[in-house]
Structures are given as structure tokens and as C-alpha cells.
Amino acid sequence: MTPRQQRMVLVLFILAGAALTVGLTVAAFRQNLLFFYTPSQIVADEADTAGRTFRLGGLVAEDSLQKSADSIEVRFAVTDTAQAVTVSYSGVLPDLFREGQGVVVRGSWQDGIMIADEVLAKHDENYMPPEAQAAIEAAKTLEQ
Amino acid sequence: MKLPLLRRDLLVAARRPGEWLIPLAFFTATVAIFPLAIGTRPETLRTIAPGVIWTVALLSSLLSQDMLFRRDIRDGSLEQLLLSPRPLILAVLAKAVAHWLACGLPLIVLAPLLAAWMQLPAEQLLLLLVTLPLGTAVFSLLAVFAEAVAAGASRSRFLGGMLALPLCMPAVIFAAAAVAGDAPAAPLLLLAACLSLAITVLPLAAAGALRASAQGI
Amino acid sequence: MGTSVYATLGRLASPPVFYRIAEASRIWLIGLFLLLFIPGIYGALIGAPPDYQQGEGYRIIFVHVPAAWMSLFIYVNMAGMAAVSLIWRGKTAAICARASAPAGAAFTALTLATGSIWGKPMWGTWWVWDARLTSELILLFIYLGYMALVASIPDRRTAAAAGAILLLVGLINIPVIHFSVDWWNTLHQPATIAKFGAPSIDKAMLMPLLLMAGSFMVFYLAVMATMAQALLLEQEASSQWAKQAAS
């Protein structure tokens, strides 16, 4: 092969390799590649969670938080507005934990309840002062 | 056309069995440490098996990459390679194939034994056998690349290993996730993507680095 | 366009010219840094209102976010200079890439440390192994590996070329870091500012954030220029201009 032909082969090889890499990556992202499952996936049994530790992500349902009287156990429901899963947790909750807030919970099933060994709060990408938040809430109420 | 180089590297490996037998023995013995140290509960072993086997596979690849170019630099055959009219990239690929045959392939042969030690069920052993060729091929390509980049620093041992280690992490993540086996399709595809990216980019980069190192030797 | 800027800079900046420019601009860079940093840190700690959700604790973003931007920016900048040093044999570009590494590694470590400190109260954990955090950690290892590599190759040209090739291969990690929060549903929040549409941050918070980012950038330039000067003097020790400059 002349050097020119060699260079052509090299360029073709690199283009083919790049195309294959992109194709494989795109195919992978079509699959489930999840840090956590949503309650709808859990309820529809897409996640095959029986007997193993998994992560559940969603919002803490409004008015679902129950504190136990004699222990530090708390119970709450995690929802994606369509389905909900009840979670029980004994431990210190993060600062951002409150009803309506996004959480990621790790745990496993026990008698139809998810027993969590870790509760993490997910916060959104919006930053504003409390007054601005109050104004947005007021505007929403007006619309309704 | 590139076969004489491959033949030579394999011949050298055959004459000095210590260089590839030691990483292999290291691999086997280190995997055996885990049941002894952590306890022999089958559930525990099954849970940690993918991570343990892949971590140790990475370590044994790093352990055996040290000699890739060192001897060639010392006896001057690297300079001969650089002067030869054949494309350097083929020589680099031959190095990677030789490294893989000497230290990736034996791991695949040993995998059923290790799976038995770690109480890995058959379907996960199958995934291990699928991921091992892909992942160890990525390791071999990265080993050749890292040693080529570090070729100018002949005094510092294990520098090449330090360079290869972070670049190997994605392959370890995807391979171990595939063997852990809840949803193996996505990590398998990503592991294949790693290999295709590695084979596209690394031989070229390694050849460039070897050329650069020739100025300093 | 990016490469042509690098090319012009690379050809214009012969070592003595670069040395003189760096020497003259240092005092201005330090002044500019203070000019941006003092109002920035005042706004960050006192001026900006608390967040509606995270209260006072969110103020760590004024360090965390600019540091994270810098950790990526410096890497891309180093890779650009590495490409120049490979293609046009730019001596100064190679030196600047090498002089950038400590600042890049430091900003990456700062990003990980502040993220950790922020994560504990807000998420409830010091560390999670999700895509964003893991890839930032790998970035730190690549920085450290690069520094170890260029430090242990005695020949200057070999060190520059080998380091440049390592930087270019490691570049693959950068898009993974930036897009990891969009591709995987990780615990880390998605982008607030570098996204399509208006930034979703209040103006009173955005101003100090941008001031801090600007001050970090100037800080990086000052540190890089000073380290590059030292490296240049060491390398060109036998040349006439270096002897004059050092005396």
C-alpha cells in the first residue's frame, strides 16, 4: 500500500469505529439505565425488586408522613403522582426532607412495605428567595 | 504482515513464563482471599463476586503491563520498530493482541473455577464469560497506550499502571454491572462501546506517544 | 474558530515574549481578582437572599459551582493547548498546559470537597456513587496522573508530547461529566445555568455567582502564568533572555 492508501484506510477505520461507538451508546441508552425506579415502574412490576435491594425515586406524598410515638421510625408514601409506595425508615432524615419534596430511597421489601436503609433528598435546579417562591405560589392559587 | 511482531512477542512470553504466570497466579490467589477474609456465606460471596472478579482482573492486567515496552527500549528494538517502513499502528496492535493472549485469555479459561469459588450461578457465569473478552481487551489496549505514554519515563515503575487505572474505570463499572445481572443489556452495550472506542482511538494515540518518546531515549 | 485563536496565540507567544507579558500582567491580574472576589464573596455570604428550599445552606454553591466549571474549563483549555503543542510544536503552549494542571486538580478537589459538605445536609449523605460524582472523581485521577507523568519524564519534549496525548485521550471524560445529570436520573440536580432557556436562578443570586466564577477564572490565569514563568526559566536557563530575566 502507498502511504496515501494507508492514510485512507486509517481514516475509514476511525470513522467506522466512531460510528460503531455512537451506535452502541445510543442502543444502550434505549435500555433502562437507572439510578432509581419510579413508583409506577415498581407497581407495574417492571423492576423485579423481590428479595433484593433497590432504589426508589419520587416525591413524598402530601399528608403521608407519620411519626411513630415510641421509636424513631417514620412512614411516608413516595409517589410519582400516578402510583405510590409506602416506605418505612428509622434514622435521621436530611434537612430537605418534607412533604412534596423529591427523595431517593434505598431499601427492600418486607411484608408489602419498603424498609429503607437510606433516604436521600433530591433538590431541584431552581434557586430563588422565599418571597419569590411565595409570589409564585400566590399566582398559582389565583389561577385556580 | 504484522504477524512476525506478534510471533516475536508470544515467543518472548513463552520463553519467560514468569511474566504472565505471575499475574495469573496473583489473580487466582487474590480472588481466593475474599472468601477467606469475608467469610464463606454463599449469599455474600454471590453479591460481591462480580466486583471482586473484575477488580482483580484489572489489577492483574496492570501488574503485567509493566514489561510491555521496557525490554524493547532497553535492547533497542523499539527504535528498529520506529524506523521500519511498516505502519507503527500495526506494531502497537500486535503488542495489544500479545498482551491479551498472555494475560486476558487465561482469565477466561479460569473464570469457571472462580465462579465456583464465589458461588456464582450459571447464568451469571455466562455473563462473566461474555464480558471478560470485551473488558480484558479494553484493559490490554489501555495497557499498551499507558505504557507507550510513559515510555519516556523509564525510571518510574508503575507510572503506566497509574495512568491506565482511571481510564479503565468505565469498563470495570459496566462489566461488573452486567455480571451483577439485573438488567445486563445496557451495561453490555456500553462495555462494547468502550471497546470500540478504545480500538479506534488508542492504537493511534499509542503510536504517537511512542514516536514522541523516541526523541528522549 | 477556537483552534485559530490557539494557533495565533501559540505562534505569537515565543518564550521571552510570553515571559514579559506574564510579568507585566501579574499585578493587574491580582488586582482584577480582588475586584471580582471581594464583591463576589460579600454577595455570596451576605448580599444574596436565602433559598426558598435550602435556606442558608445553599450558599456553598458560590464556591462549588464556579469550582466545578473551572475544573472542566481548565481541562478543555489544557487539551486545546496540548493540541497546539502537538500540531504546531508550540513551546509556550506546552508549558501553559503543564502549568495549568495544579490549578485544575485543585479546583476538581475543591468541587468534590464542597459538594460533599453540601451533600451531607441537603441530600443526607457525604457521597453517592452516581455518574456525576464518579466521573468528576475520575477527572481528578486523570489530572493527578498527568502531573505524575510530566514530572517523571526527564526529556522536556517527550514529556510535553506524552502529556498532550494523555490529555487528548482523557478528553472523552468531559462530555460524560457535563451530560451525566441529563442522561442518568442521578441524585445530582440538572444544570441551572448552562442550559437552553433562561437560567433558573434568581438575579440576586446569579450576580455573586458570576462574580465568583470570574474571580476564579482570573485566579487561574494568574497562577498559571506564574507557574509557566517558572517552568520557562528552568527550561530556557541557558538562553540569553532567561539569564537577563532571572538576574
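Residue numbers begin at 1 in each chain, while the letters A, B, ... track the order of the sequences. Heavy-atom basis, side chains included; hydrogens, waters and symmetry copies ignored. This is a predicted model, so every value here is computed, not measured.
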So for V201(B), is it side chain, backbone, both, or neither that comes closer than 4.5 Å to the heavy atoms of chain C?
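Just the side chain, heavy atoms under 4.5 Å.
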
Can you tell me which portion of L197(B) sits under 4.5 Å from chain C's heavy atoms? Options are side chain, backbone, both or neither.
side chain

At a heavy-atom distance under 4.5 Å, which candidate from G145(C), G170(C), S152(C), A162(C) has the highest pair count against chain B?
S152(C)

Spacing of CZ belonging to F174(B) relative to CH2 belonging to W54(B), to within rounding of 0.5 Å
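Taking CZ in F174(B) and CH2 in W54(B), the distance rounds to 13.0 Å.
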
Cut-off 3.5 Å, side chains only: do H99(B) and S64(B) have a donor facing an acceptor?
yes

Do you see a donor-acceptor pair shorter than 3.5 Å between the side chains of T108(C) and E136(C)?
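Side chains of T108(C) and E136(C): no pair found under 3.5 Å.
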
Please name the pair of heavy atoms, one in L63(B) and one in P23(B), separated by the smallest distance, quoted to 0.1 Å.
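That would be CD2-CA, 3.9 Å.
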
